[in-house]
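Single-structure report; data block below.
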There are 2 protein chains.
Amino acid sequence: MATPNTRDQIIIAADQLIYQQGFDHTSFTHIAEAVNISRGNFYYHFKSKDEILTAVINLRRSNTHQMLKQWEQEHTDPLQRLSCFIQILRMNQDKILRYGCPVGTLSTELLKLDHRASDDATMIFILFRTWLRRQFIALGLRSEADKHAMYLLAQSQGIATMANAFNDSDYLDTQVTQLLGWLDDLIQTTEDI
Amino acid sequence: MATPNTRDQIIIAADQLIYQQGFDHTSFTHIAEAVNISRGNFYYHFKSKDEILTAVINLRRSNTHQMLKQWEQEHTDPLQRLSCFIQILRMNQDKILRYGCPVGTLSTELLKLDHRASDDATMIFILFRTWLRRQFIALGLRSEADKHAMYLLAQSQGIATMANAFNDSDYLDTQVTQLLGWLDDLIQTTEDI
DNA sequence: GTCTATACCTGGATAGAC
DNA sequence: GTCTATCCAGGTATAGAC
């Protein structure tokens with residue numbers, strides 16, 4: 001993998017720092033240290049801090065889109081795709097225990113700050129919601145697809161917030177297993193009909 | 001009700017502003033404007049911004065404790081007490097749509113900031129968790145009491161985060177109704193045994 | 001107790017040399 | 001493209017008059 005150019009390095013570092021410290025608290029100094037450039041150099045690549053935020057959100061949207069696409073390519077069974085979604089909680093458990101869910105925490109912060117970009121941040125939620133809905137529809141649950149999609153999103157947010165607050169990896173693990181069980185039950189019921 | 005003294009006024013204003021804007025973003029200037037005092041006057045009452053945060057968290061802990069005590073006094077039936085908990089989502093829906101859950105969002109922010117007071121913030125979660133557990137035990141569900149307590153906390157966090165992100169009061173309302181239904185089912189099942 | 005004045009620092013942002 | 005130097009606003013915190 002080639003070394004990314006400075007602009008991309010800035011975005012990647014900002015992405016991580018915003019996740020770890022929050023947007024408001026993340027300063028040019030922080031990012032500059034991570035990328036090893038001077039503070040003044042930012043303004044060649046971005047006009048303002050908000051522009052960096054926009055770039056970070058776009059990166060996250062692109063990464064999310066990419067991830068969802070990959071899940072669709074790797075699994076033809078919607079059940080397995082949904083299980084991929086549930087298991088990101090487990091896969092990212094270390095980060096979630098420390099910093100919570102990157103989607104939820106940024107969305108919440110930007111709404112509190114009354115920031116212009118808060119709608120863009122919500123778009124990542126919408127990306128997941130739409131994708132999840134599609135999988136439930138593929139399972140033949142069209143009329144309840146959006147309800148189930150919102151259910152999975154809310155569960156993930158709830159589990160991430162509690163695992164974060166209580167710093168409890170066992171809890172997170174148990175809840176993931178339980179969610180996978182819920183998915184299984186849903187299908188059992190469907191197939192019985 | 002007598003006018004609170006300056007110190008209490010500061011704490012009350014800081015409480016609201018921290019909820020609405022986040023701790024990091026809330027400055028002395030913001031609080032000073034809300035209370036109508038000068039910035040310099042803070043340091044007669046508090047040694048630092050962190051000391052104000054501690055006072056705010058203590059206020060919240062005290063208010064939470066008070067609220068839980070009141071629910072116990074108003075209702076002898078644990079079922080009704082639990083229903084009070086669920087319905088705070090509905091009662092505070094306007095604030096939740098704008099600023100999310102005050103308990104969860106502060107806890108998440110302080111953990112991201114790696115702030116000393118983050119354990120104190122988690123204490124509010126523990127207050128709820130312990131109280132909820134007691135109600136489930138009173139319902140005769142001792143072995144699953146903590147599981148149910150965590151379930152209700154996680155549901156509340158998930159619902160609050162999603163309602164906040166999507167600014168959707170209908171969603172919040174529906175989910176509250178559904179949680180109350182879950183509570184009802186839980187008891188039906190118990191009484192059947 | 002509350003004020004004004006101010007110190008000091010860090011934030012975002014700009015100008016211009018290289 | 002990247003740097004240094006610098007500006008200005010805003011942050012926390014202090015000193016001292018009233």
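Here is the naming used below: chain letters follow the sequence lines, and residue numbers restart at 1 for every chain. Heavy-atom basis, side chains included; hydrogens, waters and symmetry copies ignored.
For D:dT2, the OP1/OP2 oxygens have a side-chain nitrogen or oxygen of A:T6 closer than 4.0 Å. Taking only side-chain nitrogens and oxygens, B:H25 never comes nearer than 4.0 Å to OP1 or OP2 of D:dG11.
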- Task: Please assess B:E109 against B:K112 for the test salt bridge (charged side-chain N to carboxylate O under 4.0 Å, His left out), listing each intermediate value before the final yes or no.
- Result: CA-CA 5 Å; B:E109 184 186 1; B:K112 269 194 209 286; over 6 Å; no
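You'll find the ring centres of B:F85 and B:F128 inside the 6.0 Å limit. Here A:F28 and A:Y43 bring their ring centres to under 6.0 angstrom of each other.
Shown for residues 27-43 of chain B: residues whose heavy atoms fall under 4.0 angstrom of DNA chain D, namely B:S27, B:F28, B:T29, B:R39, B:G40, B:Y43.
The CD1-C1' distance, from A:I10 to C:dG12, rounds to 14 Å in whole Å. Summarising the geometry, the separation between CZ on A:R7 and P on D:dT2 is reported as 13 Å, rounded to the nearest angstrom. For the pair A:D24 CG and D:dG10 C1', the interatomic distance rounds to 12 Å; values are reported in whole Å. Rounded to an integer number of Å, the gap from B:H45 NE2 to D:dA13 P is 16 Å. Look at CZ on B:F46: it is 15 Å from C1' on C:dT2, rounded to the nearest Å. When the C1' atom of D:dG16 is taken as reference, atom OH of B:Y44 falls 16 Å away, rounded to whole Å.
Within the 4.5 Å cutoff, side-chain heavy atoms of A:Q157 are placed close to those of A:F125.
Across B:H148, B:Q80, B:R81, a single residue satisfies side chain to side chain donor-acceptor pair (under 3.5 Å) together with B:Q135, and that is B:R81. Residue B:D173 forms a side chain to side chain donor-acceptor pair (under 3.5 Å) with just one option from B:Q178, B:R90, B:Q93, and that option is B:R90.
You'll find that the side chain of B:K49 is closest to D:dT12, out of D:dT2, C:dA13, D:dT12.
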